[in-house]
Amino acid sequence: MRRWIVLSAFQFLISAVLVFLIVFLYTRVIRVNPTTVALTFLVAVLAVSAAWGLRYAVFVSVIATLAFNYFFLPPVGTFTIADTQNWVALFAFLLTAVIASELSARVRREADEANQRRREVEKLYSFSQQLLVTDNVLELLNEIPHHIVATFGVSAAAVYVSERDKIYRSGPDITQLQGEELKSVGARGETIIDTRRDVCLVPVRMGVRALGTLGVVGHLSRETLDALGSLVAISIERAGAVEKLGRAEAARENERLRSALLDSVTHEFRTPLTSIKASITSLISDFQLDTAQRQELLTVINEESDRLNRLVGEATEMAQLDAHEVKLNIEPQSIREAIDAALEEAKPQLRVHPIEIRLPSYLPPVLMDVDRIKEVLRHLLENAAKYSPPQSPIFISSEIQNGRVVTNVADRGAGIDDLERSMIFDKFYRGQGQRHRVQGTGMGLAIAKAIVEAHGGRIGVTSQLGQGSVFSFGLPIAGMNTGG
């Protein structure tokens with residue numbers, strides 16, 4: 001307050017000094033007629049009004065009128081006016097100065113108001129942009145009070161949401177915004193601006209439906225408060241709609257996956273079960289089978305039982321990987337060890353494909369669970385064997401790239417088009433042209449991707465139609481910080 005009084009006194013003093021400077025100029029330096037003096041005083045009045053406001057301009061008008069009378073209207077040196085015309089001129093000057101001051105001050109006020117509205121619109125736009133950052137309703141409600149405080153410079157803010165019957169505050173100790181008062185304003189739907197407590201409360205409405213109340217500690221215009229209430233209501237409704245849409249989309253996706261799982265598992269389980277059933281029926285009903293025939297049927301039963309066991313194992317493993325329930329035994333290991341183990345396990349599927357291994361003379365150890373990476377390589381090798389013509393080669397190679405050992409499995413199959421390439425690692429997905437020709441559940445590549453990502457690595461595929469595909473995955477080198 002004291003600072004404001006000192007500043008105001010200083011501005012009055014400068015205004016008076018401006019008048020005396022004009023008097024000094026026209027009495028000591030330049031001799032001019034009274035009309036020029038009056039116009040100069042008028043310009044000074046307008047300048048002060050534009051710079052500081054009406055009251056300073058009226059002050060300048062009064063002292064300029066007195067100075068004009070004393071120094072420039074005859075008889076000079078007195079406040080007496082001899083000629084009636086000079087009285088008219090003096091009052092005309094005073095009236096013109098006051099009116100000009102008022103007009104100039106009004107323009108200044110309107111300019112200040114326009115600038116204030118512009119700043120408020122900019123803040124409202126910035127606030128609306130911040131509301132679009134998240135689609136999570138709970139996160140949005142917790143962030144709204146903090147965004148209001150940061151954007152509009154108020155002391156505190158709070159949002160009461162009637163549907164949740166909960167208040168979200170910008171800080172823990174906000175005594176000015178009481179819960180009962182927030183609930184009451186939301187129920188009545190009336191905006192309250194309490195200048196004594198410096199508290200503003202505005203209902204948050206979506207049309208005629210009340211969603212809650214917004215409260216701020218600080219001064220905001222009624223228009224800004226109404227706009228804030230509308231923005232908060234729209235953002236809450238939008239986030240809620242997006243959340244509901246997400247849940248609906250997730251439900252549809254779950255239904256799609258369930259249908260795909262049933263379709264895949266039903267088909268894959270039915271084939272070995274049919275073979276097992278036929279073999280057992282033959283063994284029971286036909287006692288004339290020789291030893292070789294019995295052995296063949298028993299071999300079929302054994303192989304199809306293993307296949308069933310593997311299908312169940314893949315489904316269980318995929319569920320565990322999705323739930324992050326698989327524990328990895330990560331140690332520095334040689335990638336060659338995993339390659340050799342995978343080749344041994346996949347030998348039955350690879351028997352009609354020549355294998356070519358291309359490894360540098362030295363590869364550093366990588367951080368991995370060797371059993372899990374062996375499983376990744378087995379899935380990639382079996383996938384290459386399934387989708388490649390007989391006798392076509394399969395290539396395995398490794399190289400060092402950006403602090404990682406990248407291992408590639410390449411085939412000479414039909415290739416994968418761009419659309420399928422984006423879905424090839426999805427659960428239960430199988431190639432459009434191959435799903436009825438090649439056996440499988442579509443879980444192998446999904447399992448491989450989950451295992452590699454659990455190691456902090458990445459897996460991908462490059463392909464050219466008619467030329468084949470290359471599946472690659474990278475693992476961090478032991479003892480190196482790859483930065484992710």
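Heavy atoms only: backbone and side chains are in, while hydrogens, waters and symmetry mates are out.
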Donor-acceptor under 3.5 Å ([X] side chain, [Y] main chain):
X    : Y    : result
S463 : G468 : yes
N408 : S472 : no
S305 : I301 : yes
S398 : T407 : no
T299 : Q295 : yes
S392 : P389 : yes
D369 : N329 : yes
T151 : H147 : yes
T213 : L182 : yes

Atom pair CG (D411) and CZ (F471), whose distance is rounded to the nearest 0.5 Å: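 Spacing of CG (D411) from CZ (F471) equals 7.0 Å.
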Nearest 0.5 Å, please: how far is CD1 in I280 from CD1 in I284? 6.5 Å
Could you tell me which non-hydrogen atom of [X] sits nearest to which non-hydrogen atom of [Y], and how far apart they are?
X    : Y    : result
V461 : S469 : CG2-CB, 4.2 Å
V217 : V154 : O-CB, 3.4 Å
A448 : I459 : CB-CD1, 4.3 Å
A478 : L367 : CA-CG, 3.8 Å
R205 : A233 : O-CB, 3.1 Å
Q349 : A385 : O-CB, 3.5 Å

Is it true that [X] and [Y] make a salt bridge, defined as a side-chain N closer than 4.0 Å to a carboxylate O?
X    : Y    : value
R458 : E453 : no
R358 : E399 : no
D165 : K183 : yes

How about I394 and V409: do any of their side-chain heavy atoms sit closer than 4.5 Å?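 Contact flag for I394/V409 side chains = yes.
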For the residue pair H146 and V149, establish whether any side-chain heavy-atom pair is separated by less than 4.5 Å.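 They are not in contact (no side-chain heavy atoms under 4.5 Å apart), so the answer is no.
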Over 12 foreign heavy atoms within 6.0 Å of NE2, H219: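 Counting neighbours around NE2 of H219, 12 or fewer heavy atoms of other residues, nucleotides or ligands fall under 6.0 Å, so no.
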Counting only heavy atoms from other residues, nucleotides and ligands, does the tally under 6.0 Å from CZ of R197 exceed 12?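 More than 12 heavy atoms, drawn from other residues, nucleotides or ligands, come within 6.0 Å of this atom.
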For a side chain to side chain contact (heavy atoms under 4.5 Å, CB included) check, start with the C-alpha distance between R372 and H455, then their side-chain angles and the critical distance, and finish with the verdict. CA-CA 10 Å; R372 293 292 181 180; H455 281 74; 4.0 Å; yes
Could you walk me through whether R378 and E344 pass the salt bridge (charged side-chain N to carboxylate O under 4.0 Å, His left out) test, one step at a time? CA-CA 9 Å; R378 178 172 58 79; E344 182 63 28; over 6 Å; no
Side chain to side chain contact (heavy atoms under 4.5 Å, CB included) between L381 and I396, intermediate numbers included: CA-CA 9 Å; L381 290 168; I396 304 172; 3.7 Å; yes
